[in-house]
There are 2 protein chains.
Amino acid sequence: MDADHQRDPNGPTPSTLYGTARVSVQRAVIARVVREMRTAFTAEELHLAVADASPGIGLATVYRAISAMQEAGAVMTVGDRDGSALLALCVRNDHHHHLVCTRCGRVLGVECPLGDAVSSAATREGHLITSHEVVLYGLCVDCREGTRGA
Amino acid sequence: MDADHQRDPNGPTPSTLYGTARVSVQRAVIARVVREMRTAFTAEELHLAVADASPGIGLATVYRAISAMQEAGAVMTVGDRDGSALLALCVRNDHHHHLVCTRCGRVLGVECPLGDAVSSAATREGHLITSHEVVLYGLCVDCREGTRGA
DNA sequence: TCACCAAGTGAGAAGCGTTCTCACTTGGTG
DNA sequence: CACCAAGTGAGAACGCTTCTCACTTGGTGA
């Protein structure tokens with residue numbers, strides 16, 4: 001399912017993740033770590049992973065990088081774990097949503113075939129929908145297949 | 001649109017909001033204030049409103065009441081405002097979602113006609129969906145009508 | 001009606017995720 | 001190479017939320 005987030009064989013570049021912001025050495029490391037993330041992650045988890053790849057990068061820098069990536073639309077908050085924001089890589093540019101696997105914790109991109117359905121449903125009640133967010137919970141393909149045998 | 005959240009002419013009772021938890025005088029006051037809320041609210045806003053109705057009720061009590069109501073499924077977190085959790089009354093027992101009006105800030109219940117669509121869309125990609133959350137953004141009926149003239 | 005006790009309360013301290021500050025460093029441009 | 005806006009690290013500060021503790025209250029059984 002990496003194709004979901006890494007259709008380009010080289011994956012998104014640091015500049016893709018940060019938009020037009022300057023990409024320092026530290027941010028390049030953070031971008032690489034984020035790209036290697038296979039599940040949703042908190043800022044602290046990212047900081048640990050980053051410190052593992054390149055000790056010395058501060059927590060503030062991680063938070064600033066997250067902020068830059070969110071601004072660039074490359075990362076988004078998909079939930080909350082123990083009071084910390086749960087983040088996920090969000091590379092596909094087309095409108096999509098996230099499936100949070102309740103077994104392995106991964107967050108996968110899922111196409112959004114609902115746009116019209118959602119809007120029309122609410123419009124029927126008289127509201128005007130301009131945007132929407134959907135978070136799905138369940139089992140991803142891998143965990144679903146693993147479950148069959150167990 | 002009050003019918004959305006108050007179909008019973010008397011509205012939900014405190015015990016409805018708290019499930020099986022004990023309903024003290026303070027919790028009854030908090031429940032009443034929550035029922036009168038017309039928009040999504042933060043814990044602090046609720047505390048202010050509660051203090052207005054019955055001075056002396058502590059912030060910790062408000063947080064504990066919120067926690068109890070969330071556990072009972074009567075209140076849910078629908079977002080985040082300046083770092084504080086944004087809460088909304090959630091009385092209808094049938095599966096529904098929330099429309100956050102970007103103009104007046106109210107959070108309205110909207111029927112969920114998507115259940116099958118959402119599940120089948122993700123299922124098509126091989127996942128197994130067990131639940132989902134949808135948050136819609138746009139203009140509620142009132143604001144939409146107000147907009148036409150302006 | 002009374003006694004008992006689990007559950008709830010108020011006040012404030014503590015915890016903890018996140019943001020800010022400040023002096024220093026670095027990337028990119030001319 | 002010089003310049004300077006942008007980024008960095010360390011830690012303090014901030015603010016939301018939870019916890020602690022002594023006290024009160026609601027509900028149950030006798």
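So you know, we letter chains A, B, ... as the sequences are listed, proteins then strands, and number each from 1. Because the structure is a prediction, the values reported are computed rather than measured. Side chains are part of it too, since the values below use all heavy atoms of this structure and drop only hydrogens, waters and symmetry mates.
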Options dG26(D), dA10(D), dG27(C), nucleotide nearest the side-chain atoms of Val25(B): dG26(D)
5'-most by nearest nucleotide on DNA chain D - Arg27(A) or Thr42(B): Arg27(A)
Closest listed nucleotide, where the reference is the side chain of Ser24(A) and the choices are dG11(D), dT18(C), dT8(D): dT8(D)
Strand partner of dT8(D), provided both Watson-Crick or wobble distances fall under 3.5 Å: dA23(C)
Path from Val29(A) to Tyr63(A) over hydrophobic side-chain contacts below 4.5 Å: no
Whole angstrom value for the distance that separates C1' of dG17(C) from CG of Leu48(A): 14 Å
Tyr18(B) OH to dT25(D) C1', straight-line distance once rounded to whole Å: 16 Å
Thr42(A) versus Ser84(A), closest heavy-atom pair with distance: CG2-CB, 3.9 Å
Whichever of Ala85(B) and Gly58(A) has its nearest DNA chain D nucleotide further upstream toward 5': Gly58(A)
Sugar-phosphate only, base, or nothing, as touched by Ile57(B) at under 4.0 Å among non-hydrogen atoms: sugar-phosphate
Rounded distance in Å - NE2 (His47(B)) to P (dT18(D)): 15 Å
side-chain hydrogen bond (donor to acceptor under 3.5 Å, both in side chains) between Gln70(B) and Thr77(B), worked out: CA-CA 8 Å; Gln70(B) 283 183 318; Thr77(B) 303; 3.0 Å; yes
dC16(D) - base-pair partner by Watson-Crick or wobble geometry, distances under 3.5 Å: dG15(C)
Length of the line joining Gln70(B):CD and dT18(D):C1', which is rounded to integer Å: 13 Å
base_contact_polar (dG10(C) base, Arg64(B) side chain, donor-acceptor, <3.5 Å): yes
Residues Arg81(A), Glu44(A); criterion salt bridge (charged side-chain N to carboxylate O under 4.0 Å, His left out); working and verdict: CA-CA 11 Å; Arg81(A) 174 154 63 208; Glu44(A) 195 187 340; over 6 Å; no
Spacing between Leu59(B) atom CG and dC19(D) atom P, to the nearest angstrom: 14 Å
Residue Arg22(A), side-chain atoms from C-beta onward, closest of dG7(D), dT9(C), dT18(C): dG7(D)
Phosphate contact (dT18(D) OP1 or OP2) by Tyr63(B) side-chain N/O below 4.0 Å: no
Side chain of Thr61(B) - closest among dG10(C), dG7(D), dT17(D): dG10(C)
Euclidean distance, atom CG of residue Asp82(B) to atom C1' of dT19(C) [Å, nearest integer]: 13 Å
Watson-Crick/G-U partner (both atom distances under 3.5 Å) of dT29(C): dA2(D)
Residue Ala43(A), side-chain atoms from C-beta onward, closest of dT18(C), dG11(D), dC16(D): dT18(C)
Leu86(B) CG to dC16(D) P, straight-line distance once rounded to whole Å: 13 Å
Closest to side chain of Ala60(B), choosing from dT17(D), dG12(C), dT18(C): dG12(C)
Close side-chain approach of Ile30(B) to Thr61(B), heavy-atom, < 4.5 Å: yes
Between dT18(C) (C1') and Arg81(B) (CZ): distance, integer Å: 19 Å
Gln26(B) side-chain N/O to dT25(D) phosphate OP1/OP2 under 4.0 Å: no
Co-membership, hydrophobic cluster, residues Met37(B) and Met69(B), 4.5 Å side-chain: yes
